[in-house]
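Only heavy atoms go into these numbers, but all of them, side chains included; no hydrogens, no water, no symmetry mates. Both counts, for ligands and for their atoms, begin at 1 and track the order of listing. Predicted model, so just to flag it, every value in this text is computed and none were measured.
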Amino acid sequence: MALMRSILLAASQNNWLRENAVNFPFVRRSVARFMPGESLDAAIEAARALEQKNIAAVFTNLGENVKDRAEASEVTRHYIEVLHRIHETGLNAEISVKLTQLGLDLSPDFCFENLDKIIALEQRAAIVWVDMEASPYVDATLDIYKRALAKYPNAGICLQAYLYRTQKDVEALLPLRPSIRLVKGAYKEPPEIAFPRKLDVDENYFTLAQAMMAGQAAGNCIRAAFGTHDVKLIRRLADHAARNGFPKNSFEVQMLYGIQREEQERLAREGYRSAVLVAYGTYWYPWFVRRLAERPANLWFMARNLFAS
Ligand SMILES: Cc1cc2nc3c(=O)[nH]c(=O)nc-3n(C[C@H](O)[C@H](O)[C@H](O)COP(=O)(O)OP(=O)(O)OC[C@H]3O[C@@H](n4cnc5c(N)ncnc54)[C@H](O)[C@@H]3O)c2cc1C
C-alpha cells in the first residue's frame with residue numbers, strides 16, 4: 001500500500017502524464033467520480049443538489065504552481081466571480097483557494113494581494129479557506145494566512161495532521177482566533193517531517209482535533225472543521241464532542257465530492273455540520289492522482305472504466 005501510494009504521488013508530479021493522461025477517455029470517466037464537471041456551472045449545480053440534503057459546499061477551482069502573474073490574476077478574478085455567483089444565488093457555499101495558484105511561487109506579496117482582493121469580497125459570516133500544499137510551502141502559507149487573519153476574521157486555513165510541526169502550529173494559531181480545517185495530508189513527505197505510519201497520523205489527528213474543539217468551545221477557534229472521510233475517526237470525534245457537551249451544530253465535517261456520500265448525508269440528517277468540497281476546472285490531473293493515492297483501490301475502479309464502453 002505504502003509503495004503504491006509513493007508511486008502514485010510521484011506520478012501526480014509527472015509532466016508527461018499530466019499532459020497526456022488527461023486525454024484518455026477512461027481517465028476522464030474516472031475523474032468524473034470525484035468532480036461533477038470542469039465548469040463552475042457544474043459545480044454550482046452539484047452544490048444545489050447538496051443543499052437539498054442540508055449539506056454545504058466549498059468550491060475549489062483546480063490548479064497549482066502558477067508560474068505567470070497574468071494567470072494568477074485571472075484565477076483571482078475567477079474566485080471574485082465565484083463569490084458574486086454564490087451571493088447572487090444565495091447558495092450555502094464557501095471557497096477554498098491554493099496559494100500557489102494565486103502566485104506564491106512568484107512573490108508572497110503578490111500572492112497576498114490576490115488573496116486580499118478575494119477575502120475583501122466575502123462580507124458574509126462565511127470563511128475563505130486556504131488549502132495547505134506540500135511541506136516547502138507550509139511556512140509561507142502560514143505567514144500569508146496570519147496576515148490575512150489580522151485583517152479578516154473570516155480567513156480559514158487547512159492544517160495537516162501528518163506533519164510533526166502541526167501541533168505547534170495549532171498552538172501558535174489559537175490565540176489569533178483562526179478557523180482551521182484539519183486534514184491528514186495528501187502529499188509525499190519524508191519521515192523527518194511527517195509521521196510515516198498511518199496509525200500515528202490518525203492518532204495525531206485525534207489529539208489536534210481535541211485541541212481545536214476545546215479552542216472552539218472557549219471562543220478561540222471560530223470554526224473547527226474536520227476534513228476527513230475516516231468514519232471511525234469521525235465517530236470517535238463526535239463522541240468526544242458529546243462527552244464534553246459541545247453542541248452538535250458546532251461539529252463540522254468536510255469531505256470531498258463523491259466520497260462517503262452516505263456518511264455526508266447521515267451527518268447532515270443527524271444535525272451535524274456537513275460540507276462537501278466541490279472541485280472543478282480543467283487542471284485536475286495532479287489532484288486526481290492524489291485522490292488515487294489516498295485509496296489505491298480506486299485504481300480498480302479506473303481499470304473498470306478502461307473496459308467500459
Ligand atoms: C474537504 C477536504 C479538504 C482537503 N484539503 C486538503 C489540503 O488543503 N491539503 C492536503 O494536504 N490535503 C487536503 N485534503 C486531503 C486529505 O489530506 C487526505 O489526503 C484525504 O482526506 C484522505 O484522508 P482521510 O482523512 O479521508 O483518511 P483515510 O484514512 O485516508 O481514509 C479513510 C477512508 O475514507 C475513504 N477514502 C479516503 N480517501 C478516498 C479516496 N480518495 N477515494 C475513495 N475513498 C476514499 C476510504 O474508505 C478510506 O478507508 C482534503 C480533504 C478534504 C476532505
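- Taking atom 37 (C) of ligand 1 as the reference point, the nearest protein heavy-atom neighbour is His229 ND1, 3.6 Å.
- The residue Glu133 has no part lying near ligand 1, judged by heavy-atom distances below 4.0 Å.
- The closest heavy-atom contact to atom 11 (O) of ligand 1, among the options Arg295, Gln160, Arg290, comes from Gln160.
- Residue Ile259 places no N or O, backbone or side chain, under 3.5 Å from any N or O of ligand 1.
- For Tyr280, the ring-ring contact (aromatic ring centres under 6.0 Å, His included) test picks out His78, with sequence neighbours left out.
- Residue Met132 holds the heavy atom nearest to atom 8 (O) of ligand 1 of all those in Lys198, Met132, Lys98.
- The proximity of Tyr187 to ligand 1, defined as any non-hydrogen pair under 4.0 Å, is limited to the side chain.
- With respect to atom 24 (P) of ligand 1, the closest heavy atom belonging to the protein is Thr228 OG1, 3.6 Å.
- Classified by interplanar angle (parallel below 30°, tilted 30° to 60°, perpendicular above 60°), the ring pair Phe226/Tyr205 is tilted.
- Looking from atom 2 (C) of ligand 1 to the surrounding protein, the closest heavy atom is Leu256 CD2, 3.7 Å.
- Counting only heavy atoms, the protein gets under 4.0 Å from atom 44 (N) of ligand 1.
- Not less than 6.0 angstrom separates the ring centroid of Phe251 from the ring centroid of Phe246.
- At distances below 3.5 Å, not a single donor-acceptor pair connects side-chain atoms of Asp116 with backbone N or O atoms of Phe112.
- Using a 4.0 Å cut-off between heavy atoms, Ala186 contacts ligand 1 through both its backbone and its side chain.
- Only the side chain of Gln260 comes within 4.0 Å of ligand 1, judged by heavy-atom distances.
- Side-chain contact of Glu189 with Ser135: a donor-acceptor pair under 3.5 Å is present, judged by distance alone.
- Residues Val138 and Leu208 share a single hydrophobic cluster, defined by chaining ILVMFWY side chains whose heavy atoms lie under 4.5 Å apart.
- Arg85 pairs by the side chain to side chain contact (heavy atoms under 4.5 Å, CB included) definition with Leu40, Asp41, Ile44, Glu81, Glu88, not counting sequence neighbours.
- Distance from atom 4 (C) of ligand 1 to its nearest protein heavy atom, with residue and atom name: Val183 CG1, 3.6 Å.
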| request: Show the numbers, then the answer: is there a side chain to side chain donor-acceptor pair (under 3.5 Å) between Asp105 and Thr100? | output: CA-CA 6 Å; Asp105 288 329; Thr100 66; 5.1 Å; no

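- Contacts between Asp202 and ligand 1 below 4.0 angstrom, taking non-hydrogen atoms only, are absent altogether.
- There is a protein heavy atom closer than 4.0 angstrom to atom 28 (P) of ligand 1.
- Using a 4.0 Å cut-off between a side-chain N of Lys or Arg and a carboxylate O of Asp or Glu, Arg290 and Glu64 qualify as a salt bridge.
- Between Gln254 and ligand 1, a contact under 3.5 Å exists for no N or O pair.
- Between Asn65 and Tyr137, the side chains place a donor N or O and an acceptor N or O closer than 3.5 Å (distance only, hydrogens not considered).
- Remark: minimum distance from atom 32 (C) of ligand 1 to any protein heavy atom is reached at Asp230 CA, 3.7 Å.
- Lys184 NZ, 4.6 Å is the protein heavy atom nearest to atom 31 (O) of ligand 1.
- The nearest protein atom to atom 19 (O) of ligand 1, hydrogens excluded, is given as Glu294 OE2, 2.6 Å; this is a heavy-atom distance.
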